[in-house]
**Q** 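Please read through the structure below; I'll follow up with questions.
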Amino acid sequence: MREVTLEVSPGERKAIIGPNGAGKTTLFNLITGVFPPSSGEIILFGKEVTRWPPHKRTALGMARTFQITSLFPKLTVLDNVLLALAGVGRAKLVMWRPLSSYEKFQNRARELLDGAGYWDRRDVQVRNLSHGEQRQIEVLLGLASDPKLLLLDEPAAGLSSGESREMAEFLKRLDPSLAILLIEHDMDVVFDVVSSISVLHFGAVVEQGSAAAIKRSERVQQIYLGTG
Amino acid sequence: MKRIWILLSVLALAAAVAPFTGPFVILLLAQILVLGIIAMSVDLLLGYTGLPSLGQAAYLGVGAYLTAILATKFGFGLGWDFWLVVLMGMAAGAATAGFFGLFAIRASGVYFLMITLALGMCVWGLAYRWNSVTGGDNGINMRGRPKFGIELANDLTFFYVVLGLFIASFFALHLLVSSPFGKSLVGIRERELRMRILGYNTWLHKYIAFVIAGGFGGLAGVLWAHLNGIVSPVDVLLPASVDALLMVVLGGPGTLVGGLIGATVVVFLREYLATMVQWWQYVLGAVYVLTILYLPGGIMGLFKGGKA
Amino acid sequence: MDANFWLIQTFNGVSYGALLFLLASGLTLIFGVMRIVNLSHGAYFLLGGYVAISVMRASGSWLLALPIAALAIALLGLFVERVFLRPLGFDPLRQVLLTVGFAFLFQQAALDIWGGDNLIIQPPPALSASVVVGGLHLPVYRIFMVALACAIGLALWFAMERTRIGAIVRATVDDAEMARGIGIDTSKVSMFIFALGAFLAALGGVIGGAFLGIYPGLDFEVLPVAFAVVIIGGMGSLAGAAIGSMLVGLADNFGKALFPEIAYFSLYAPMVLILAMKPTGLLGRE
Amino acid sequence: MKRIAVLIAGLAAASPGISQELKIGFLAPMTGIFAQIGKDMENGFQMYIDEQKGNFAGAKVTFIVEDEEGKPPVGVRKAEKLARQDNVHLLVGGLLASTGYAIAPVSNRVKTVYVLSIAAADDLTQRDLKQYPYIVRTSWTSSQPHHPLGKWACENGFKTVSAIAADYAFGHEVLGGFQKAFEDCGGKVIQKIWPPLGTKDFGPYIPTIKRDADAIFSLMVGPMALQFPKQLQEAGIKKPVIGGGTSYDEFVLPSMGDEVLGHVSALQYSAALDTPKNREFVRRYREKYGKVPSYYSESNYTTAQMIHEVMKQTKGKWPGPEKFIQMITQLKLDTPRGPVRFDDMRNPIQNIYIKKVEKKKLHGYDKDELWNTVIQTYPDVSQFFTYKKEEFLKQPVYSRDFPPCKHCN
C-alpha cells in the first residue's frame with residue numbers, strides 16, 4: 001500500500017476497483033483497523049483513528065462487510081442481527097438480562113429483517129441459507145450498527161447475474177445519507193450503485209473520477225485488459 | 001426453556017428421594033453437584049466462548065485451600081460466616097483467574113489449552129511444596145463442617161445446601177449466557193474477527209468470561225473442601241482439570257446442563273462402577289472416545305441438533 | 001557450596017534436560033505438523049518403558065529392548081493416528097480431547113498387563129558405573145543420556161533440514177494447504193510424524209526408566225514437564241525443544257537444590273513469564 | 001414354618017461359619033505408585049483369613065478391599081463408601097501417614113472403628129487421640145523405632161548426621177524421632193534436606209549433602225528407596241548410611257543391589273528375625289506369595305489375628321465399636337514380630353530391632369539374599385520411648401521444624 005489518498009464525504013457512494021492483488025481488501029483492513037498501517041493516517045469523521053482498535057472505530061459509526069461471507073453460521077438470522085445491533089452501545093456488557101428482552105433491539109432487528117424480507121425466516125440458522133441470501137444478511141449486519149460509513153467488500157461476489165441485480169437494487173434502496181465505500185468486480189453493480197470511482201493498481205490509486213469518466217478512461221482499460 | 005424444566009424436575013426429584021437413598025448415595029449426589037458447578041464454569045469457556053481450559057482445577061484449588069486455611073488456622077467460616085467464605089472463595093477464584101487471564105487470553109485454541117495447563121501447574125506447584133501454608137503433600141485436614149442453626153455435618157443438610165448453590169449457579173450462568181454479553185461470547189466462538197468489526201472489544205469479553213469462570217471454580221472449591229473434609233494437592237493436579245473438561249465434552253458443550261450430565265456419568269463410573277468391576281477405566285475411556293468420535297455435541301447432542 | 005557443587009548441579013540439570021529433550025521433541029514435532037497437543041504423549045513414554053521391560057525379561061538384552069520398545073510404540077501411534085485421529089479431519093480441539101481418552105485407556109491397559117509394580121530398567125553394567133573427572137563423580141549413564149540426546153537431536157535436525165522427507169515435512173508445517181496443492185500427501189506426513197513422536201517418547205521411556213523407574217502414574221507426571229519444555233521453546237520448533245529442555249532441566253535441578261519450598265513453582269513460573277513476553281515461546285512462530 | 005425355622009437354627013449351630021458376619025473394609029493403594037505395597041498389605045491380611053478359612057470364631061469374614069490410590073482425598077471417599085454403602089464393622093488400613101490423618105475424622109463421622117494397620121501418623125495416638133474414640137493402632141508410630149535408632153547411632157560413635165527425608169508427615173515424624181533421641185544423647189543433626197514424596201531423581205539433592213557429616217540419615221518410601229542408595233553410590237559418596245525403617249524394609253530389599261550392604265535401619269519387624277514363630281510365618285508367606293513378607297504384610301497379618309482374638313472372646317458376635325476398641329487394647333499376643341501389647345493410648349508396645357543389611361543365606365533358603373540382620377534389640381518400646389508420657393505430649397508433634405535444627409546453618 002503506498003500513497004493512497006482517499007476521501008469519502010457524507011452520503012457519497014464510491015467504488016474502489018482494480019485487478020486482483022491491487023490491495024483493495026488490504027486497504028479495507030487498514031481503514032477498519034484489522035492491521036495497523038506502517039505510516040500515514042486515517043481520519044474518521046474528523047478524528048485521527050490511525051492506531052485505534054476496530055471496535056472503537058465501529059463505535060464512531062463505521063461498519064464493513066467481508067468478501068468471504070463472515071457470518072455466525074451456527075446462529076439464527078435474528079441472533080446474527082441482534083449481535084450486530086448490540087455491538088454498539090453499552091448493552092453488550094450486560095450480563096443480568098436476556099438479550100431477547102431488549103425491545104429496541106428486537107424492533108430494530110424486525111425493521112431490518114422486514115425490509116429485506118427475512119423476518120419470517122428469522123429462526124433459521126444462517127448456514128442453512130443460500131449463498132446469495134447470506135450475502136444480503138452480510139450487508140444487513142453492516143447496517144445494524146446504524147453506520148454513517150459502510151464499507152462493502154465485494155457484496156456481489158459469487159452471485160449469479162440475477163442475484164447481483166437484486167443486490168444492486170437492495171443497495172440502492174439504502175438510506176441516501178449513508179456513505180458507502182464499495183469494492184466490486186461486477187461492473188454492472190458498480191456503475192449501477194456508485195457515483196464516483198477510484199482505481200487501485202499495485203497498491204496505489206491510479207485514477208479517480210466520476211463513474212462515467214472512469215468508464216471512458218484508457219488507462220483503466222489497459223489495466224483491466226493487461227496491456228498496461 | 002423446556003430444558004430448564006426438565007433439569008429442575010430432575011433436581012427436585014433428586015432432592016425428594018435423597019433422604020431415602022443410602023448415606024453414600026447422598027455423598028455421591030453432592031459430589032456430582034459440586035463437580036457440576038466446576039464443569040459449568042468450564043462450559044462457559046469451552047462451550048460458549050470456544051476456549052478449552054485445561055487448568056480449571058487451579059481455581060477449585062484456590063477456593064478449597066482458602067476455605068481449609070481459614071477454617072483450620074483461624075477458625076473462620078464454621079458458623080454463619082460460612083456464607084462469607086463462599087463469597088471469599090468466589091472472589092479468590094475470580095482474582096486468580098483475573099491474574100492468569102492476563103497471560104492466557106492472548107492465546108486461542110490449543111495454545112490456550114497449553115497455557116491454562118501450565119498456569120494450573122503453577123498453582124499445583126505451590127500447593128505441593130509451599131509447606132508452611134498448604135501443608136504440602138499432607139494437605140489440610142478439616143475438623144468438621146460449619147454449623148449455623150443447621151448442621152452441615154449432616155450429609156443430607158449439606159446436600160441441600162450444595163443443591164441450592166448449584167441451582168443458584170445454574171440460573172446465574174443461564175441468565176449470563178442468554179444476556180447480550182453471553183451472546184457476544186458465542187459470537188466470539190464462531191467468528192472473533194467479525195465481532196471486533198461489529199464493535200466488540202473481544203479481548204475484554206473473553207477476559208471477563210475467564211474471570212467469571214474462575215469465580216465459579218472458586219465456589220466449587222469451597223464446597224469441595226467441606227465435602228471431603230480434606231484439601232490436598234491431588235485436588236489441583238492435572239487429572240482433576242482433565243476431568244472437568246471431560247465432563248463438559250461428555251455431557252455436551254454449550255449447554256450448561258451438559259456439565260451436570262457429564263459429572264453424573266464420570267462420578268457414577270468412578271465411584272460406583274469402580275467398586276464393582278476392575279475394568280471401569282476402560283468403560284470411561286471408551287465412552288469418552290466414542291463421544292468424541294460420534295457425538296461432537298455430547299450426550300445433550302442426542303436430544304438437540306446444534307449448540308447454544 | 002563450592003565450585004564442585006555448581007558443576008555437579010549443572011551436569012545433573014543438563015543430563016535431566018537431555019531426557020526431557022527425547023520426550024519433548026516428539027511432542028513438539030507432532031504439534032508443529034498436526035496442530036495437535038498430544039495429551040497421551042506421557043502414556044507413550046510409559047508404555048515404551050514397559051515394553052522394554054518385557055523384552056528384557058524375555059531376552060535379557062537391554063540393547064535389544066531399546067529399539068524394539070520404540071518401534072512397537074511407534075506402531076501403536078501409527079494405529080491410533082490412522083484409525084482414530086485421522087477420521088476427525090482437521091479439528092485440533094477434538095483430536096486433542098481424543099488423545100486424553102487414549103491416555104486413560106493406555107493407563108488402565110498398562111496396569112492390567114504389567115501390574116502396579118515399581119519397575120526399574122537396569123542398563124548394562126558398563127553404563128551403571130561412574131567416572132571420576134577432576135574430583136567429580138559423574139555417573140556414566142547420565143553422560144550416555146546426554147550423548148544420546150545430542151545424537152538424536154542432530155539426526156532429527158539433519159533429517160528435517162537436509163533430506164527430501166524433511167523438506168516435505170517442513171512444507172507441510174509452513175502451509176498444509178499449499179503442500180497439498182503441490183501434490184504432497186499431508187495425511188501421510190501426519191501419520192509419519194505421529195509415529196515418530198511416539199517413537200521418541202518410547203525411547204525416552206526406556207532411557208528414563210533407569211532412573212525415574214517405570215510405574216503407574218508416571219505418564220501424567222512427565223506430561224506437564226514436557227509441556228513446559230515445549231511451551232518455553234516454542235511449539236513446533238525442534239531447536240526450541242532443545243533450548244527448552246536445557247532450561248527446564250537446569251531450572252528444575254537448581255530450583256529443587258536452592259529453593260526447595262517453591263521448587264515446582266520455580267519450574268512453571270518462568271514459563272508463564274516467557275509466555276507473557278512472547279506468547280509463542282522462545283523460537284515459536286506466530 | 002416352625003419346623004423350618006428350627007431346622008435352620010440347628011444348621012447354624014452345627015456349622016458356626018454362617019451364624020454371624022464380620023465385615024471388614026480394607027483400604028490400600030491398588031493403583032498408582034504404591035500399588036505393590038498395597039498388594040503386600042492385602043496379602044498379609046488375606047493370608048490370615050485364608051488360614052482361618054474365612055471364619056473368625058463363628059463369624060463369616062467378608063473382606064472388602066478398596067483402592068485408596070495412595071492419595072488422602074481418595075482414601076476419605078473410599079472410607080465413606082465402605083462405611084456407608086457396605087456397612088462394614090471396621091475399617092482397616094491406609095498406607096500413608098497423611099492418609100491416616102485424613103481417614104481418622106471419617107471414623108468419627110461414620111462412627112466406625114478404624115484400625116491403623118500401617119499408617120503411622122504419630123499424633124493420632126498421641127495429642128489427637130481424645131478426638132478419635134474409634135481408632136486403634138496395631139502397627140507403630142512413625143517415631144517409635146527411630147527414638148531407639150537415634151540412641152543407637154549416638155552410642156555407636158556418630159557425632160554429626162546429615163539427614164535427607166521424604167517431605168510429608170511420615171518423613172517429618174521419623175526424622176523428628178531420630179533427631180530428638182540422637183541429640184538428647186549428644187549427637188548433632190547438621191542438615192535436613194526434604195525431597196518431595198515420590199522423588200526419583202536425587203541429582204539436585206545429593207550434591208547438597210554436607211561433606212563433614214559422620215553419617216547420612218535417610219528416610220525413603222516406595223520407589224525412592226531404590227533410587228537413593230544407587231545414586232548416592234554413583235555420586236561417589238561413601239559415608240555410612242542410617243535409614244528410617246521403610247528405606248530398607250523387605251518390600252524394597254529384593255530389588256536392591258550391593259550398594260546397600262551395611263546400611264543400618266530400625267523397625268518393629270525384620271523378616272530375618274530368628275524366632276520359631278517368624279521362621280514359620282516367613283516360610284508360609286513365601287510359599288503362598290513367592291516373596292519374603294515385608295512389615296506391610298506382617299502388620300496386617302497380625303492385625304487380622306488381633307481382630308480374630310477379640311472375636312474369639314465374643315464368640316463371633318460383633319461387640320460394637322466402643323467395646324471392640326476396649327477389648328483389642330487389652331490383648332497381649334505373641335506375633336511374628338515378637339510380643340505385642342498396647343499402651344493406654346491404643347498404640348502397641350513392642351520390640352524395636354536395629355538391623356543391618358547383609359547378604360547371606362537364611363531360614364534354610366539356599367540362595368544368597370539381602371536380609372535385615374538384627375544387630376540389637378530394644379525390648380518393649382512404647383511410642384514415648386524412655387521419655388515421660390506427660391512431658392512428651394507437651395512438645396508439639398514432630399514436623400519439618402520440630403525439633404528445630406539447632407546445628408544447621
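Everything quoted here is computed from the prediction, not taken from an experiment. Each chain gets a letter, A, B and so on, in the order its sequence line appears, and its residues count up from 1. Values below: every heavy atom of this structure, side chains too, minus hydrogens, waters and symmetry copies.
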**Q** Flag the one option from D:Pro196, D:Gly198, D:Ala169 with the top tally of heavy-atom pairs under 4.5 Å to chain B.
**A** D:Pro196
**Q** Quick check for you: among B:Leu227, B:Val25, B:Ile26, B:Val234, which has the greatest number of heavy-atom pairs under 4.5 Å with chain D?
**A**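 If we count pairs closer than 4.5 Å to chain D, B:Val234 comes out on top.
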**Q** What are the two closest heavy atoms between B:Ile230 and D:Pro73, and how far apart are they?
**A** CG2-CA, 3.9 Å
**Q** Which residues in residues 76-84 of chain B have a heavy atom less than 4.5 Å from any heavy atom of chain D?
**A** none
**Q** Identify which of D:Ala166, D:Ala102, D:Pro105 forms the greatest number of heavy-atom pairs closer than 4.5 Å to chain B.
**A**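 Greatest number of close heavy-atom pairs with chain B: D:Ala102.
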**Q** Under 3.5 Å, what donor-acceptor pairs does chain B form with chain D?
**A**
residue	atom	partner	partner atom	Å
B:Tyr128	OH	D:Leu197	O	2.9
B:Arg129	NH1	D:Asp167	OD2	2.8
B:Arg129	NH2	D:Asp167	OD2	3.4
B:Arg129	NH2	D:Trp194	O	3.0
B:Asn131	ND2	D:Asp167	OD2	3.0
B:Asn138	OD1	D:Ala169	N	2.7
B:Arg143	NH1	D:Gln131	OE1	3.4
B:Asp155	OD2	D:Arg84	NH1	2.4
B:Asp155	OD2	D:Arg84	NH2	2.8
B:Glu271	OE2	D:Arg77	NE	3.0
B:Tyr272	OH	D:Gln85	NE2	3.2

